[in-house]
Amino acid sequence: CLLWCAIGAGIGLLFAIALDSEMQGRLAEHLQSGVLNLVAIEPAPFTYFLKRCLTYAQLLLLAWGLEYFAFGYIGVRILLLVRGFLYGFGQVAWIYAYQVKGFWLGALAYWPHNLLFIVVIAWLEWMMQERQYVGHWSSKQIGLITAFLIPLLALVEAYIAPALLRHFL
């Protein structure tokens with residue numbers, strides 16, 4: 001799973017580096033204003049947490065649903081590739097906006113919840129394969145565990161990652 005994110009990140013890096021200097025500047029300005037808005041609200045509103053819960057629920061339901069198809073694992077890999085692409089592109093934007101410090105700020109903004117997301121996707125994929133081939137897990141068990149992990153992912157993204165950014169900005 002991590003390999004697919006890394007491949008996507010590499011592609012995202014290449015796309016972002018290929019931007020002309022005007023687009024790079026606009027991207028950096030947009031990122032800086034977004035970061036300032038994010039860290040100005042302490043702590044993030046509960047509605048943001050709920051939106052993140054909904055987003056993670058949709059992503060995990062999509063991954064879960066794809067695992068029911070014979071070649072659904074390809075869809076999960078594409079999901080991870082897209083997440084990696086967004087990270088790679090975003091990481092370059094952080095570097096454009098904050099130079100060397102941007103590398104570390106981008107890692108703080110992205111990795112806490114996305115590393116956890118990759119682990120959850122890998123775990124979900126393993127559970128679905130175990131359920132399908134060995135019969136160890138029921139759909140209800142997988143659903144309950146996933147329902148517990150969704151707020152955990154949202155909590156890390158809504159509150160922990162912004163707190164880290166506030167601390168290091």
Side-chain angles (χ1 to χ4, degrees), residues 1-19 23-24 27-28 30-31 34-35 38 48-49 51-98 102-139 141-162 164-165:
C1 288
L2 194 55
L3 174 67
W4 288 96
C5 283
I7 291 169
I11 295 169
L13 284 167
L14 293 175
F15 269 79
I17 290 170
L19 294 175
M23 284 301 292
Q24 291 172 357
L27 186 61
H30 181 69
L31 180 80
V35 168
L38 178 67
Y48 181 69
F49 170 76
K51 286 178 186 176
R52 301 315 311 149
C53 280
L54 180 62
T55 300
Y56 283 116
Q58 291 169 338
L59 288 171
L60 292 175
L61 281 172
L62 175 64
W64 188 9
L66 286 171
E67 287 296 329
Y68 280 102
F69 295 102
F71 296 103
Y73 66 92
I74 295 171
V76 174
R77 300 297 188 276
I78 291 170
L79 175 68
L80 293 170
L81 195 69
V82 169
R83 297 288 287 201
F85 175 86
L86 294 174
Y87 167 70
F89 194 88
Q91 188 66 37
V92 172
W94 279 96
I95 293 169
Y96 288 153
Y98 295 99
F103 175 79
W104 301 110
L105 291 173
L108 287 173
Y110 182 84
W111 282 111
H113 55 281
N114 279 294
L115 277 178
L116 185 58
F117 177 75
I118 292 167
V119 168
V120 169
I121 287 288
W123 169 83
L124 182 63
E125 191 172 31
W126 173 80
M127 296 272 287
M128 291 298 290
Q129 288 174 357
E130 284 284 309
R131 185 188 73 73
Q132 185 175 12
Y133 298 114
V134 183
H136 284 160
W137 301 96
S138 71
S139 291
Q141 289 171 319
I142 296 171
L144 287 172
I145 295 170
T146 304
F148 167 76
L149 293 171
I150 289 169
L152 178 65
L153 286 163
L155 178 76
V156 171
E157 184 173 353
Y159 299 108
I160 295 173
L164 289 171
L165 278 177

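Bear in mind the structure is a predicted one, so any value in this text is a computation, not a measurement.
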More than 12 heavy atoms from other groups under 6.0 Å of CH2 on Trp64: yes
statement: So SG of Cys5 and OH of Tyr110: to nearest 0.5 Å the spacing works out to 5.5 Å
- line: When rounded to the nearest 0.5 Å, the distance separating CD1 of Ile95 from CG of Leu27 is 11.5 Å
query: Do Leu149 and Ile145 touch side chain to side chain, with heavy atoms closer than 4.5 Å?
result: yes
Name every donor-acceptor pair, under 3.5 Å, that has one atom in a side chain of residues 73-93 and the other anywhere in the protein, sequence neighbours excluded.
residue: Arg77; atom: NH1; partner: Glu125; partner atom: OE1; Å: 3.2
residue: Arg77; atom: NH1; partner: Glu125; partner atom: OE2; Å: 2.4
residue: Arg83; atom: NE; partner: Asn114; partner atom: OD1; Å: 3.3
residue: Arg83; atom: NH2; partner: Asn114; partner atom: OD1; Å: 2.4
residue: Tyr87; atom: OH; partner: Gln91; partner atom: OE1; Å: 2.9
residue: Tyr87; atom: OH; partner: Trp111; partner atom: NE1; Å: 3.2
residue: Gln91; atom: NE2; partner: Phe103; partner atom: O; Å: 2.8

- line: Rounded to the nearest 0.5 Å, the OH atom of Tyr159 sits from the CZ atom of Arg52 at a distance of 12.5 Å
field: CG-CG distance between Leu59 and Leu54, expressed to the nearest 0.5 angstrom
entry: 9.5 Å
query: Can you name the closest pair of heavy atoms from Leu60 and Leu124 and give their distance?
result: O-CD2, 3.7 Å
- prompt: So which heavy atom on Leu153 is nearest to which on His113, and how close?
  reply: CD2-O, 3.7 Å
message: Looking at every heavy atom in both Cys53 and Ile150, which two are closest together, and how far apart are they?
response: O-CG2, 3.3 Å
- prompt: How close do Trp94 and Leu31 get, heavy atom to heavy atom, and via which atoms?
  reply: CA-CD2, 3.4 Å
message: Measuring only between side-chain heavy atoms, which start at C-beta, is Thr146 closer than 4.5 Å to Tyr56?
response: no
- request: Identify the two heavy atoms, one from Ala109 and one from Ala161, that lie closest to each other, and give their separation to 0.1 Å.
  value: O-CB, 4.1 Å
